[in-house]
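Read the structure below first, then the notes.
First the proteins, then the strands, lettered A, B, ... as listed; each starts at 1. Any value given below was found using the heavy atoms of this structure, including those in side chains, with hydrogens, waters and symmetry copies removed.
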Protein chains: 2
Amino acid sequence: MQLTDRQKLILTLIIHEHIRTAQPVGSKSLVEKYNLAMSSATVRNEMSVLTDYELLRQPHTSAGRVPTEEGYRFFVGNLVQQSGLPTNTRRTITHQFYQSRQDIEQWLRLAASVLANQSQAASLVTAPHAEKAIFKHLELIATRGRQVLMVLVLMGGEIRQQFISLSEPVSQERLSVIAAQISNMCVRCDVEKISRMRTQTDALGKDILDILIAEMTLIEESTTGEIYLDGMTNVLSEPEFAESDEARQALHILEERSLLENLLASTVMNIDVGGIQVLIGGEGTWQELRQCSIVLARYGDPDTLTGSIGVLGPIRMPYDRTISTVRFVANVLSDLVTETLAV
Amino acid sequence: MQLTDRQKLILTLIIHEHIRTAQPVGSKSLVEKYNLAMSSATVRNEMSVLTDYELLRQPHTSAGRVPTEEGYRFFVGNLVQQSGLPTNTRRTITHQFYQSRQDIEQWLRLAASVLANQSQAASLVTAPHAEKAIFKHLELIATRGRQVLMVLVLMGGEIRQQFISLSEPVSQERLSVIAAQISNMCVRCDVEKISRMRTQTDALGKDILDILIAEMTLIEESTTGEIYLDGMTNVLSEPEFAESDEARQALHILEERSLLENLLASTVMNIDVGGIQVLIGGEGTWQELRQCSIVLARYGDPDTLTGSIGVLGPIRMPYDRTISTVRFVANVLSDLVTETLAV
DNA sequence: TTTAGCACTCTCGCCTTGAGAGTGCTAAAA
DNA sequence: TTTTAGCACTCTCAAGGCGAGAGTGCTAAA
């Protein structure tokens with residue numbers, strides 16, 4: 001499908017106008033609004049062609065045109081110009097990051113907040129996560145009785161904390177010794193290697209190693225780290241969401257962690273750090289997302305630690321701006337992650 | 001204001017019916033629906049009295065009655081019977097808790113999820129938080145270069161992790177020694193006591209202590225720990241939220257952490273563990289909550305660690321059931337917290 | 001190839017209208 | 001004194017009719 005420049009222009013303008021107004025766009029109003037150097041009849045003819053190509057759609061005879069999902073896809077794939085964010089926006093965002101506490105959690109929260117505010121939509125950010133869990137450090141802290149707090153640090157800075165119940169009370173001194181022992185023994189080891197070390201410790205050490213192995217396996221099996229959401233309410237004022245129940249179901253995907261993990265696993269996990277993926281109208285697969293689009297990116301260090309960020313909004317979304325924002329925030333996070341967390 | 005038994009009955013029935021249907025309730029339909037042993041005219045007279053008391057309201061002449069906020073308050077204060085949850089519901093909930101991973105974070109998430117599902121509304125759970133920050137354990141883990149991961153454990157099990165930049169690179173060995181030193185020296189101390197210890201260490205130790213003190217001060221100043229939300233989408237299908245923009249603003253309060261902290265600070269912080277507070281229609285103070293009610297409770301150990309849980313839904317909320325649920329979940333959490341986290 | 005002109009279509013807001021639900025009042029019954 | 005039947009009145013809401021407005025497609029001329 002090869003479009004003439006004029007057809008591209010008209011498609012672009014219709015999408016712009018529709019994004020602005022959420023209404024079907026007519027030929028006459030389009031010519032007037034943008035002072036086009038052609039008559040409305042010409043525009044009508046072109047619209048007719050674009051409708052044949054299934055890039056536009058008429059809600060009913062004698063209404064204006066609305067872009068189809070295919071139309072948006074063509075737009076995003078071919079017509080969006082990579083504007084990049086205005087310099088002062090970039091500066092504001094960067095500034096916020098360097099002003100916040102130096103803490104990965106704060107950064108991720110901030111990233112979610114920035115995405116939500118800049119795009120006026122819902123945003124999600126997953127914590128960086130390594131495909132392979134490599135042990136770094138173990139800490140055991142007595143609380144009381146047989147309850148012990150286990151803090152596990154992985155290469156890359158992922159931290160997991162968990163209460164464990166030992167079969168009998170153990171003093172903090174003994175716990176510290178064991179933790180140091182295990183830390184020394186296992187540093188830079190993966191699950192398999194650690195499994196083979198079970199024989200090298202006493203009974204208590206074995207118990208702890210078992211729990212450690214279970215935990216590391218669990219981490220390795222999960223596809224993402226912690227998920228941060230923001231801006232869910234932004235999207236509620238959009239007419240699509242205010243009206244249809246269906247659109248609201250999309251927010252349910254964000255809330256239900258398992259659904260969201262599935263979605264991420266089958267989309268963004270395949271793209272490269274630095275790349276952008278745009279999911280328009282659920283792409284036929286995701287029923288709940290039929291009225292939504294998602295702009296996704298991956299950040300981090302491709303070989304070790306990666307995470308995802310994304311923006312969820314109505315299909316009628318200002319893609320150019322959103323894509324720029326997502327790309328920029330992904331880059332900022334990549335920088336922060338490789339600077340502070342790399343192995 | 002003293003109501004006769006019959007007036008109380010009628011008020012209760014109207015509230016029940018209105019909660020069910022979200023519509024104004026008329027005298028005739030009420031008599032028919034509940035097979036009342038009186039005529040609709042009698043009901044009308046009583047309704048008229050209740051309207052004079054401002055417990056009921058007419059949306060317009062010749063419409064049925066709707067409970068006022070005052071009406072709901074009277075209902076919650078005087079007429080709600082403490083039914084308690086059905087035994088099998090209690091069992092299901094308890095079961096879920098003891099089946100989940102033994103991990104405070106999982107419990108809190110689960111609590112939010114249970115509240116949201118049981119009440120079909122939005123829920124919030126804050127992590128247990130001590131008024132006074134008491135040091136328990138410090139861990140320093142080298143990442144690379146001058147970046148160090150600091151893990152701070154407080155009495156009660158609150159854990160904070162943060163990246164810090166030292167002025168020069170330090171080996172993991174030295175970091176471990178310093179961490180052990182500080183851990184020994186400061187265990188069971190509060191911020192003031194630790195501040196006075198700054199002289200007892202070398203330059204590096206001083207730097208770390210400073211950061212430690214700053215962090216503990218920050219923790220002490222904050223009113224709540226981490227906040228877990230769930231079920232935001234539940235509430236979106238209620239007519240109040242589907243229609244008015246105003247109701248949707250209420251969800252914004254949940255999203256904006258600072259707003260939520262304010263709200264909690266000025267309400268639930270004052271009630272005792274085991275007590276329940278019901279905020280109806282924002283109580284005149286919280287504009288954004290005018291169309292919502294919140295049922296709040298505190299859990300934990302009154303003297304040391306406490307957190308809040310709550311449910312946010314439309315004013316038209318099944319208070320008896322919601323209150324029972326919130327109370328029950330608060331008790332479960334209290335048990336878990338005192339069992340595993342107490343000093 | 002573009003454009004002016006025209007007949008035609010469809011939505012949307014506005015109005016009217018009638019049914020339905022509910023109220024308050026009054027006078028009779030308990 | 002309290003309760004109830006009866007009745008006139010009020011207000012909403014859904015349905016139908018109507019006209020204005022916006023938009024389309026087609027045709028013939030520029």
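Screening Glu69(A), Glu246(A), Glu240(A) against Arg290(A) for a salt bridge (Lys or Arg N to Asp or Glu O under 4.0 Å) leaves a single residue, Glu246(A). A side chain to side chain contact (heavy atoms under 4.5 Å, CB included) with Met317(B) is found for exactly one of Val295(B), Val235(B), Val76(B), namely Val295(B).
Gly231(B) and Ala116(B) get closest at one heavy-atom pair: CA-CB, 3.7 Å. Between Gln58(A) and Ser62(A), the shortest heavy-atom contact is NE2-N, 3.7 Å. Nearest heavy-atom pair, Val25(B) versus Met47(B), reported as atom, atom and distance to 0.1 Å: O-CE, 3.7 Å. Minimum heavy-atom separation, Leu264(B) to Leu296(B): CD2-CD2, 4.0 Å.
Counting only N and O atoms by type, the side chains of Thr325(A) and Thr322(A) include no donor and acceptor under 3.5 Å apart. For Ser308(A) and Arg298(A), the side-chain atoms include at least one donor-acceptor pair closer than 3.5 Å.
Although no hydrogens or angles enter the test, the distance criterion places a donor-acceptor pair under 3.5 Å between the side chain of Gln120(B) and the main chain of Asn117(B).
Across its full length, the helix from dT1(C)-dA30(D) to dA30(C)-dT1(D) shows an angle of 30° between the axes of its 5 terminal pairs at either end, rounded to 10 degrees.
Remark: Glu70(A) pairs with Arg73(A) by the salt bridge (Lys or Arg N to Asp or Glu O under 4.0 Å) rule, at least two apart or across chains. Scanning for side-chain hydrogen bond (donor to acceptor under 3.5 Å, both in side chains) contacts around Ser27(A) gives Arg44(A), with sequence neighbours left out. Residues that satisfy the side-chain hydrogen bond (donor to acceptor under 3.5 Å, both in side chains) test with Arg65(B), not counting sequence neighbours, are Thr51(B). With sequence neighbours left out, the salt bridge (Lys or Arg N to Asp or Glu O under 4.0 Å) criterion links Glu288(B) to no other residue. With sequence neighbours left out, Glu255(A) forms a salt bridge (Lys or Arg N to Asp or Glu O under 4.0 Å) with no residue at all.
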Please encode protein proximity along nucleotides 1-6 of chain D as a string of B, S and -, counting only heavy-atom distances under 4.0 Å. --SBBB

Between the protein and nucleotides 13-21 of chain C, list every N/O to N/O distance that falls short of 3.5 Å.
none

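The side chain of Thr61(A) places no N or O atom within less than 4.0 Å of a non-bridging phosphate oxygen (OP1 or OP2) of dC8(C).
Within residues 9-17 of chain B, no residue has any heavy atom under 4.0 Å from DNA chain C. Heavy-atom distances under 4.0 Å link DNA chain D to no residue of residues 47-54 of chain B.
For residues 54-75 of chain B, the pairs satisfying ring-ring contact (aromatic ring centres under 6.0 Å, His included) are Tyr72(B)-Tyr319(B), with sequence neighbours left out. Residue pairs meeting the salt bridge (charged side-chain N to carboxylate O under 4.0 Å, His left out) criterion with at least one member in residues 2-11 of chain B, sequence neighbours excluded, are Arg6(B)-Glu46(B).
Gln23(A) has its CD atom 14 Å from the C1' atom of dG21(D), to the nearest Å. Rounded to whole Å, atom P of dT23(C) lies 14 Å from atom CZ of Arg57(B). Counting to the nearest Å, the P atom of dG25(D) and the CG atom of Leu56(A) are 11 Å from each other. Rounded to a whole Å, the NE2 atom of His60(A) is 17 Å from the P atom of dG21(D). Per the geometry, CD belonging to Gln58(B) stands 9 Å off C1' belonging to dG24(C), to the nearest Å.
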